[in-house]
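To start, the structure itself, in structure tokens.
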Amino acid sequence: MFEIADKRIWVCGHNGMVGRAVIRALHEYNCDILTVERQELDLTRQQNVEDWMEKAKPDAVIICAAKVGGVLANDTFPADFIYQNMSIETNIIHASYLCNVTKLIFLGSSCIYPKLADQPIKEEALLSGDLEQTNQWYAIAKIAGIKLCQAYRKQHGCDFISVMPTNLYGPHDNFDLDTSHVIPALIRKAHEAKSNEASTMTIWGSGKPFREFMHVDDCASGILFLLEHYSDYLHVNLGTGKDITIYDLALNIKQAVGFHGDIVCDLSKPDGTFRKCLDVSLLNNLGWQSKINFKDGLRETVNWFNKYMAEQS
Ligand code: GFB
């Protein structure tokens, strides 16, 4: 058991969607939240990370910092995804060992599992088959992060753990149509189609793949639960255990945005993995459950996006 109260907690990647949600959740605890801007600390530089941590002296580290993106961004920028993710996690994990950090949690992704894993996917499915080609670079980097935590636990006794969140959505997501994940992309597309009084909106691929989606505030709650209550070798899945097809997702988003036109599939764009729904029984048995209903979370995210767009204009 690690108590967050009264500790110095470094949230790396505090400007991203997950980092912001973790900080919102940490405000419920009486702890010191440490952050550092990218201009002050480049996490891909080992010596700089060690020097900064030596001065900051965190008790715990939450690694939300990562190079992330949707299916097309992963496929288009493989070097960025593998290099940046491997260097960020290696630097932070090694420096945390050198600085005697008491607890560290590393965030991976559900794409670490084999492309054809049995559904729902149990933690034990890791490295039991071939990866999905489009995001293998990111997946390999995230698998290396899990192995780093396990290696430092085995060799040095460090209490470093890993959590594998499913596909996330929520406020402060990346809404850029080329690099984003599907939910922010479709919210933006539906919003633009509605504003332009268009008759259709386009989705990538066949619309047939399934995805499991979790609100980022649920994710932050699960991360802090594990930080306090879990200290073991095996990585832990973090999700809802429920998935829907991309076509049904698009229908939900159309409804939440109020766009009444048709959905058109662009088959020149990748589908990615067909299905990757997590088995969350390990986390549930530890005593944590996801709470945010998908339709409520989606509506809240659409409202956030509408407000954000109004502020931009
Ligand atoms: O969210 P997404 O890019 O990530 O795509 P992945 C999910 C599904 O939505 C795919 C479809 O089947 C896409 O073809 N899709 C439909 C769209 N329309 C769109 C659109 O306009 N934009 C996008 N982006 N997708 C990523 C991985 O995979 O998920 C990462 O590449 C990471 O490594 C992340 O694991 C969570 O779920 O396919």
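Everything numeric in this text was worked out from a predicted model, so none of it was measured. Whatever order the structure lists ligands and atoms in, that order sets their numbers, starting from 1.
Of all heavy-atom pairs spanning Tyr169 and His215, the tightest one is CE2-N, 3.3 Å. In terms of heavy-atom proximity, Ala66 sits nearest to Lys142 at CB-NZ, 3.7 Å.
Of the possible donor and acceptor atoms, one in the side chain of Asp176 sits under 3.5 Å from a partner among the backbone N and O of Thr179.
Ordered by chain and residue number, the residues placing a heavy atom less than 4.0 Å from ligand 1 are Gly69, Gly70, Val71, Asn74, Ser109, Cys111, Asn135, Tyr138, Asn167, Ser180, His181, Val182, Ala185, Leu186, Lys189, Ile203, Trp204, Pro209, Arg211, Ile246, Pro270, Asp271, Lys276.
The closest side-chain donor-acceptor pair between Asp159 and Ser231 falls under 3.5 angstrom.
Under a hydrophobic-cluster definition in which Ile, Leu, Val, Met, Phe, Trp and Tyr are linked whenever side-chain heavy atoms come within less than 4.5 Å, directly or via other members, Met164 and Tyr230 are assigned to different clusters.
Within the cation-pi definition used here (under 6.0 Å to the ring centroid, within 45° of the axis), Arg275 qualifies as a partner of Phe210.
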